[in-house]
Amino acid sequence: MSQSSNFCPALVGSMSQGAAGNPTVAMMEAAFAHHQLDWRYINMEVSPEELGAAVRGAKSMGYRGFNCSLPHKVTVIEHLDGLGESAALMGAVNCVVRRGDRFIGENTDGKGFLKSLESITVARGKSVVLFGSGGAARAIAVELALAGAKKITIVNRTQERGAELAALLRDKLKIESGWVHWSGTFFVPAGTDIVINATSIGLYDAEARLDIDTDSLQPGMVVADVIGNPPRTRWIRDAQSRGCAALDGLGMLVNQGIIGVQYWTGIEPDAVVMRRALEKSLGL
Ligand code: NDP
């Protein structure tokens, strides 16, 4: 290791387990190259036992930050110096940013979704139906609430997580929220503005169906999916056939990347360049 870091690029990266060939690397490096930034995004395989040492190592080596994915999103918190507002509410971090000497945990999952949504509509005052209660659903729900959504109905298969998310939204974010048990075909209520699939249904399976009556989708509704691979899920195609505006999961992923680059470098990267790199890396 050299004594001076003058000739080293600025470093960010991803701490994950078993994520070789992460398309995020291609997307981030395309942004750095396009904007002629002397930065590198490096995928690092880190076991849960070594997470603390890896975070301390990244700090010592001058990393400007890193993303972290499962299984590190919650356990990384004890190794950080502070949390952003939404990461603290969610209790999960997927993006760490060096601010001065401190590593601060942020969560860009929901922020990426919100930025993608804002290409079509705003969250303020909207009535939302959200399928799922896992990490992605939690992140999206918290950001929608912080952005002023009027009401969020959580529809989930398992009671515990669904009820807990609705309670978080009511108690900590003070918005109208309830939980519906998803145990048969669900009818989207009239008056809903935004309908989101935040479950893993559709991942790697373009024909997988959500158990929802698609006739209950109305043309004025915005329909979104978290699934980025494949981007044209059955849910997205059904929504489009009903005349709804549709947002695929790739938009959420690209916008997460954009927010990460903004946090680390301070520049606004080119979204088209990043989406193209991501699609190429996914073979789309
Ligand atoms: P989790 O495992 O935390 O949650 C999965 C959720 O899906 C749970 O609520 C689960 O319900 C529900 N679910 C799974 N299978 C079914 C089924 N057959 N019927 C009904 N509900 C089901 O995963 P995450 O929240 O972390 O991720 C969810 C998806 O979001 C993943 O596919 C991931 O790839 C994607 N994602 C996309 C991002 C993007 O940027 N586009 C970012 C982050 C995630 P239950 O609670 O009952 O088990």
Side-chain angles (χ1 to χ4, degrees), residues 14 16-19 22-28 67-76 86-87 90-95 106-117 119 129-144 152-168 179-186 195-212 223-236 246-261 271 274-275 278-279 281-282 284:
S14 165
S16 54
Q17 204 180 24
N22 189 342
T24 305
V25 176
M27 175 173 72
M28 296 299 194
N67 286 126
C68 52
S69 53
L70 291 173
H72 303 318
K73 286 185 176 186
V74 175
T75 47
V76 74
S86 58
M90 291 164 208
V93 163
N94 75 337
C95 182
E106 299 281 359
N107 196 309
T108 60
D109 278 334
K111 291 184 200 299
F113 175 84
L114 200 64
K115 202 168 157 86
S116 181
L117 180 70
S119 66
V129 169
L130 178 65
F131 297 96
S133 298
R138 205 174 163 85
I140 289 169
V142 166
E143 293 297 346
L144 287 171
I152 302 179
T153 303
I154 308 296
V155 183
N156 201 49
R157 179 177 66 169
T158 307
Q159 169 163 10
E160 200 185 352
R161 290 213 278 185
E164 205 243 327
L165 179 52
L168 170 81
W179 170 74
V180 176
H181 187 206
W182 194 5
S183 62
T185 305
F186 183 84
V195 194
I196 306 161
N197 172 37
T199 73
S200 40
I201 300 170
L203 187 65
Y204 308 130
D205 182 355
E207 297 309 321
R209 277 197 95 132
L210 282 83
D211 193 0
I212 295 168
V223 170
D225 205 334
V226 294
I227 301 299
N229 192 13
R232 281 191 58 72
T233 54
R234 178 76 189 247
W235 174 235
I236 289 287
L247 285 169
D248 68 31
L250 275 190
M252 176 178 169
L253 197 55
V254 170
N255 280 301
Q256 282 194 58
I258 290 173
I259 294 164
V261 173
M274 291 177 74
R275 180 156 179 141
L278 187 64
E279 285 176 345
S281 146
L282 289 170
L284 300 171

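Start at 1 and go down the list; that is how both ligands and their atoms are numbered. As the structure is a computational prediction, the values presented were derived from the model and not from experiment.
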Side-chain ion pair, Arg138 and Glu164, N-O less than 4.0 Å: yes
Any donor-acceptor N/O pair, Trp235 side chain to Ala224 backbone, under 3.5 Å: yes
Test item: Asn94 side-chain N/O and Thr108 main-chain N/O as donor-acceptor pair under 3.5 Å: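 Yes, because the side chain of Asn94 sits within donor-acceptor range (under 3.5 Å) of the backbone of Thr108.
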Of Val223, Asp225, Leu144, the residue whose pairing with Ile196 passes side-chain contact (heavy atoms from CB on, under 4.5 Å):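 Testing each of Val223, Asp225, Leu144 against Ile196, the sole residue satisfying side-chain contact (heavy atoms from CB on, under 4.5 Å) is Leu144.
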At less than 4.0 angstrom from any non-hydrogen atom of [X], what atoms of ligand 1 do you find?
X: Gly132; answer: 9 (O)
X: Ile227; answer: 32 (O)
X: Ser133; answer: 9 (O)
X: Ile201; answer: 16 (C), 17 (C), 18 (N), 19 (N), 20 (C)
X: Asp109; answer: 42 (C), 43 (C)

Which residue and atom name correspond to the protein heavy atom nearest [atom], and how close is it?
atom: atom 4 (O) of ligand 1; result: Gly134 CA, 3.4 Å
atom: atom 14 (C) of ligand 1; result: Ser200 OG, 3.3 Å
atom: atom 8 (C) of ligand 1; result: Arg161 NH2, 3.4 Å

Stepwise side chain to side chain contact (heavy atoms under 4.5 Å, CB included) test for Asp211 and Phe186: CA-CA 6 Å; Asp211 193 0; Phe186 183 84; over 6 Å; no
Heavy-atom side-chain proximity of Met27 to Thr24 below 4.5 angstrom: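 Yes - at least one pair of side-chain heavy atoms lies under 4.5 Å apart.
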Trp179 and Gln159, any side-chain heavy atoms less than 4.5 Å apart: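 Side chain of Gln159 against side chain of Trp179, heavy atoms only: contact under 4.5 Å found.
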Nearest protein heavy atom under 4.0 Å from atom 33 (C) of ligand 1, yes or no: no
Heavy atom of protein closer than 4.0 angstrom to atom 23 (O) of ligand 1: no
Nearest candidate to [atom], where distance is taken over non-hydrogen atoms, out of [options]:
atom: atom 3 (O) of ligand 1; options: Gly249, Gly135, Ala136; value: Gly135
atom: atom 11 (O) of ligand 1; options: Asp248, Asn156, Val226; value: Asn156
atom: atom 13 (N) of ligand 1; options: Leu165, Asn197, Thr199; value: Thr199
atom: atom 21 (N) of ligand 1; options: Gln256, Arg157, Arg209; value: Arg157

Audit row: Leu247, Ser119, side chain to side chain contact (heavy atoms under 4.5 Å, CB included) steps and yes/no: CA-CA 9 Å; Leu247 285 169; Ser119 66; 3.9 Å; yes
Rounded distance [0.5 Å steps], CG in Asn255 versus CG in Leu114: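 Nearest 0.5 Å value for the CG-CG distance: 9.5 Å.
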Polar proximity ligand 1 side, Lys73 side, N/O cut 3.5 Å exclusive: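 No, since none of the N or O atoms of Lys73 sits under 3.5 Å from an N or O of ligand 1.
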Side chain, backbone, both or neither: the part of Met252 lying under 4.0 Å from ligand 1 by heavy atom: both
Part of Thr158 within contact of ligand 1 (heavy atoms, under 4.0 Å):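 Looking at Thr158 and ligand 1, atoms from backbone and side chain both fall under 4.0 Å.
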contact_flag Gly112 ligand 1 heavy-atom lt 4.0 Å: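 Flag not set, Gly112 not near ligand 1.
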Enclosure of Glu160 CD (heavy-atom neighbours >12, cutoff 6.0 Å):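 Counting other residues, nucleotides and ligands, CD of Glu160 stays at 12 neighbours or fewer.
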Audit row: Val93, Asn107, side chain to side chain contact (heavy atoms under 4.5 Å, CB included) steps and yes/no: CA-CA 5 Å; Val93 163; Asn107 196 309; 5.7 Å; no
